[in-house]
**Q** 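Just passing along the structure, written as structure tokens.
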Amino acid sequence: MIEIINREIELFLSSLNDIDEEMLKTILQKSKISITDDLSKGHLTTNVCMVTGSILKKNSNELTSRLKDQLEGIKLFKKIKVAGPGFINITLFRKDFIATIDKINFDKGDYGESIFNKGKKIQIEFVSANPTGPLHVGHGRGAAYGDAVGRILKATGSSVEREYYINDAGRQIDILTASVILKLISKNINNYFPTNAYKGDYIEEICKKFKKEISINFDNESIKKINYKDPEKEIDQVIAILKDSNIKTWGIIKEFSLNEMILSIKNDLRKFNISYDIWFKETSLGSLDEKSSQISNSINMLIKNGSAYKKDGAIWLNTEISNDDKHRVLIRDNGKATYFASDVAYHKNKVDRGFDKLINIWGADHHGYIKRIEASIESLGFSKDKLIVKLVQFANLFKNGKKVKMSTRSGDFYKLKDLIDEIGSDAARFFYLSKQADQHLDFDIDLAKSNSKENMFYYIQYAHARIVSLEENFIKKYPDFEKNLKPIQESTYDKFDKIIHELSKYPSIVDKAAKSLQPHLIIFYLKDLSHLFHSFYNDNHVLSESDENVQSIIQCMSAVKQVISNGFNLLGISPLKKM
RNA sequence: GCCUUCUUAGUUAAAUGGAUAUAAUGAAUCCCUCCUAAGGAUUAGUUGCAGGUUCGAUUCCUGCAGAGGGCACCA
């Protein structure tokens, strides 16, 4: 129906005098056909006359009456009405309106999918937490968000590749390795353990798994003598001694610890119903020592085209192109690459892989990083519009009415795994996604676990479960109807019209969520839909309706169930059959 | 100081520039001989302040006030 109206509108616009290409484009961009917010306004509405009127500096009254006549002329609609400041409201014939139910029950899991991103290759990189500790509840939000965005984009026709960037190079990994080694040799060094080493119990778990047949010999005496006031220098000194005294064993333990950490992260994410297509290691970008490694190549390119330069012994990138407030160091005066240099190479690698869009999901603390990455992309000769950075604000976790504190180094944090064990993956995902990603979120564990009305998650699940049970009871009562339900278009029953109207909005909600990368829109939609359902369910005793009506109602209810299930699926949540 | 996100019922939150700003919660009242009361119905209550753009602004722009986050040759 919307396609038909669109065609009529285009005909209408081209029939107008004094309109040029440019204007036409603007009008089509600004105007829209949408589903009305309320049935009292009919089923569909368009603002095209107001938009056209304002662009052509014409009175919109004249336009509305002309378009109204034209739409009435094709006799495909029950009623055309001009309303408000110049909307055209369209009421469909009942069979067209009610056909939505048949469509949903026919399309099943495909209902709501669209093709507006068809053929697009999108890469989405998210979580990418350093493999120096297990994932904590702070990472959960980015994980739930990134995965849901991936699912939604896929539903709009694009191919989506999920990627986790593993920072397996650099000082943090050295600290991890040192922490493990110090625990392994703790008896020989009087249990010495520097303040800045990682303290969580996961370090001990790695030690337990480490095969003891390898002899672990380090310079224990030098370690015992370490005495620094600055904890940063202290840990660096520890690392230096360990490496110098037995680089081979260091390497073995480093690799082992890293693999254990990555494995634990993968397991946690799997538990959270998330799987990745690619696990990209920072070390695969190579090092500066290799002449044609990816990292050397990208820096050389930047130097060659004049974007990067040498100053005070370091190599800097001029980031003015993106209005960054200062130039950024790529290679330090000690010859080592910065983390930023790896990132430049990594983003070049991503662009080279030919994606149409790169979506990075970062914690809000990375905010200051956006401009320099954009500058590097532009400086390498690509458009920064390819890159979309979505910031996810921190989540405050509340338990027993108190805020839960977190710090990775001290080992004092709430693990994502524990949260999932406590409330389940589905409820956790739901709450992480229940608010816009770029807003602060207070995550109340007690509420998430509660069975009360204020728990939206159960409210929606309850609607789904009620319909499942309704269908079961229906089949028990009418075993014959199972195979030949009457088509719903013949229904004259109208008490569920509000629900049908709401169901017809679902595809546009998915599109909106995909365009704005906001999964929470789906949650709010499902809540509204569930509300309509619960209300209907209370007012109408379905199975005591006439045989004819009950067939139609059951089909409508099944459609509601289907849409809840489809919506949950986009969020990575499984609907419940029983509460 | 600079950058950035934000400010909507008592509280927590919705709303691609659209019509009467939507829910939940809290308060008050009511509804189970009936398909799951983890539910429903009714009532009262909101766009920080001052301008601007627009036929139309919670939405876009400017200023002010207030809150969070970021401003390393750390990762």
Side-chain angles (χ1 to χ4, degrees), chain A residues 30 32 34 36-38 40-41 45 47 49-51 53-54 57 59-60 83-87 89 130 132 167 169-173 175 232 282 311-316 323-326 328-334 336-340 342-343 363-371 391 393-394 434-436 438-442 444 447 450-459 461-463 465-474 476-477 508-509 511-513 515-516 518 520-521 523-525 527-528 530-531 533-545 550 557 578-579:
Chain A
K30 280 189 156 184
K32 64 196 169 189
S34 46
T36 57
D37 47 9
D38 191 300
S40 64
K41 294 171 186 163
T45 183
N47 62 351
C49 294
M50 286 181 286
V51 174
S54 108
K57 307 268 178 252
N59 188 339
S60 66
F87 291 99
N89 291 346
N130 281 347
T132 54
N167 295 115
R171 185 161 169 265
Q172 297 302 320
I173 300 300
I175 298 178
E232 293 293 331
E282 181 181 356
K311 188 188 149 199
D312 303 334
I315 306 282
W316 299 71
N323 290 322
D324 197 11
D325 40 6
K326 52 187 132 182
R328 306 290 174 175
V329 173
L330 289 163
I331 302 177
R332 287 171 234 173
D333 58 4
N334 65 12
K336 285 188 178 170
T338 58
Y339 179 85
F340 175 50
S342 299
D343 251 356
D365 54 336
H366 283 64
H367 161 256
Y369 221 77
I370 299 175
K371 282 185 176 164
L391 295 179
Q393 278 291 349
F394 299 114
S434 64
K435 211 177 157 183
Q436 284 190 46
D438 56 9
Q439 306 245 353
H440 294 269
L441 171 75
D442 287 337
D444 186 337
L447 173 64
S450 84
N451 295 339
S452 74
K453 265 185 181 179
E454 59 204 281
N455 188 340
M456 258 204 281
F457 176 62
Y458 281 101
Y459 184 80
Q461 291 283 26
Y462 186 38
R466 268 183 154 175
I467 298 172
V468 170
S469 134
L470 196 55
E471 286 174 334
E472 284 167 4
N473 289 324
F474 169 76
K476 267 182 221 158
K477 191 172 176 192
S508 64
I509 300 289
D511 280 4
K512 206 160 130 186
K515 278 176 192 153
S516 59
Q518 293 185 323
H520 79 279
L521 294 176
I523 287 190
F524 278 89
Y525 168 79
K527 192 189 68 171
D528 289 345
S530 303
H531 175 72
F533 164 75
H534 284 305
S535 176
F536 174 83
Y537 184 90
N538 250 270
D539 291 347
N540 302 280
H541 193 261
V542 176
L543 296 180
S544 26
E545 284 285 343
V550 82
M557 298 296 108
K578 271 204 170 85
M579 298 300 283

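Chain A is the first sequence line, chain B the second, and so forth, proteins listed ahead of strands; every chain is numbered from 1. For clarity, every value in this text was computed on a predicted model and none was experimentally measured.
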**Q** How is A:L330 classified with respect to the nucleic acid when contacts are heavy atoms under 4.0 Å: base, sugar-phosphate, or nothing?
**A**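 No contact at all - A:L330 keeps every heavy atom at 4.0 Å or more from the nucleic acid.
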**Q** On the nucleotide B:A24, are OP1 or OP2 found under 4.0 Å from the side-chain N or O atoms that A:Y458 carries?
**A**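 So the side chain of A:Y458 is outside the cut-off, no N or O lying under 4.0 Å from OP1 or OP2 of B:A24.
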**Q** Can you name the residues that form a salt bridge (charged side-chain N to carboxylate O under 4.0 Å, His left out) with A:R328, not counting sequence neighbours?
**A**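 If we apply the salt bridge (charged side-chain N to carboxylate O under 4.0 Å, His left out) test to A:R328, skipping adjacent residues, the hits are A:D324, A:D325.
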**Q** Between the protein and nucleotides 65-67 of chain B, list every N/O to N/O distance that falls short of 3.5 Å.
**A**
none

**Q** Going 5' to 3' along nucleotides 70-75 of chain B, which nucleotides have protein heavy atoms under 4.0 Å from the base (write B), which only from the sugar-phosphate (write S), and which from neither (write -)?
**A** SSSBSB
**Q** Have a look at A:T45 and tell me which of A:T36, A:D37, A:N89 forms a side chain to side chain donor-acceptor pair (under 3.5 Å) with it.
**A**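 It is A:N89; the other options fail the test.
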**Q** Tell me what A:K512 touches on the nucleic acid: a base, only sugar-phosphate, or nothing, going by heavy atoms under 4.0 Å.
**A**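 The residue A:K512 makes sugar-phosphate contact but no base contact.
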**Q** Would you please name every residue forming a side-chain contact (heavy atoms from CB on, under 4.5 Å) with A:S516, sequence neighbours left out?
**A**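 If we apply the side-chain contact (heavy atoms from CB on, under 4.5 Å) test to A:S516, skipping adjacent residues, the hits are A:Q518, A:L521.
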**Q** Suppose you measure atom C1' in B:C6 against the same atom in B:U58; what distance do you get, rounded to whole Å?
**A**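 Their C1' atoms lie roughly 13 Å apart.
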**Q** State whether the distance check finds a donor on one side and an acceptor on the other, under 3.5 Å, for side chain A:N89 versus base B:A19.
**A**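 A donor-acceptor contact between them is present.
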**Q** With sugar-phosphate meaning primed atoms plus P, OP1 and OP2, does A:S469 contact a base, only sugar-phosphate, or nothing at under 4.0 Å between heavy atoms?
**A**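 Touches a base.
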**Q** May I ask you to say what A:A465 touches in the nucleic acid, namely base, sugar-phosphate or nothing, with a heavy-atom cut-off under 4.0 Å?
**A**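 Touches a base.
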**Q** Reckon A:R466 has a side-chain N or O less than 4.0 Å from the OP1 or OP2 of B:A38?
**A**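 Answer no for this pair, as no side-chain N or O of A:R466 is under 4.0 Å from OP1 or OP2.
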**Q** Please answer whether B:C35 and A:H541 are stacked, defined here as ring centres separated by less than 5.5 Å and planes angled under 30°.
**A**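 Check passed, A:H541 stacks on base of B:C35.
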**Q** Set out, line by line, the N/O atom pairs under 3.5 Å between protein and nucleotides 43-47 of chain B.
**A**
none

**Q** Are B:G18 and A:F87 stacked, with the base six-membered ring and the side-chain ring centres under 5.5 Å apart and planes under 30°?
**A**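 No, the aromatic ring of A:F87 does not stack with the base.
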**Q** Under 4.0 Å, heavy atoms only, any strand: does A:D444 hit a base, just the sugar-phosphate, or nothing?
**A**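 Since no nucleic acid heavy atom lies under 4.0 Å of A:D444, the category is nothing.
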**Q** N/O contacts under 3.5 Å, protein versus nucleotides 5-10 of chain B?
**A**
| from | atom 1 | to | atom 2 | distance (Å) |
| --- | --- | --- | --- | --- |
| B:U5 | O2' | A:D438 | O | 3.3 |

**Q** Consider the side chain of A:Y537, meaning its heavy atoms from C-beta on, and name the nucleotide among B:G18, B:U36, B:G39 that approaches it most closely.
**A**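 In terms of side-chain proximity for A:Y537, the closest of B:G18, B:U36, B:G39 is B:U36.
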**Q** Compare the minimum distances between each of B:A13, B:G40, B:G18 and the side chain of A:Y459, then state the nucleotide with the smallest one.
**A**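 Looking only at side-chain atoms, A:Y459 lies closest to B:G40.
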**Q** Checking side-chain polar atoms at under 3.5 Å, does A:D38 have a donor or acceptor matched by the opposite partner on A:S40?
**A**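 The answer is yes; a qualifying pair exists.
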**Q** Between A:H520 and B:A15, is there a side-chain N or O to OP1/OP2 distance below 4.0 Å?
**A**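 A:H520 to B:A15 OP1/OP2: side-chain N or O found under 4.0 Å.
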**Q** From the set B:G18, B:A41, B:A15, return the single nucleotide nearest to any side-chain atom of A:S535.
**A**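 It is B:A41.
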**Q** Could you walk me through whether A:H534 and A:Y462 pass the side-chain hydrogen bond (donor to acceptor under 3.5 Å, both in side chains) check?
**A** CA-CA 9 Å; A:H534 284 305; A:Y462 186 38; over 6 Å; no
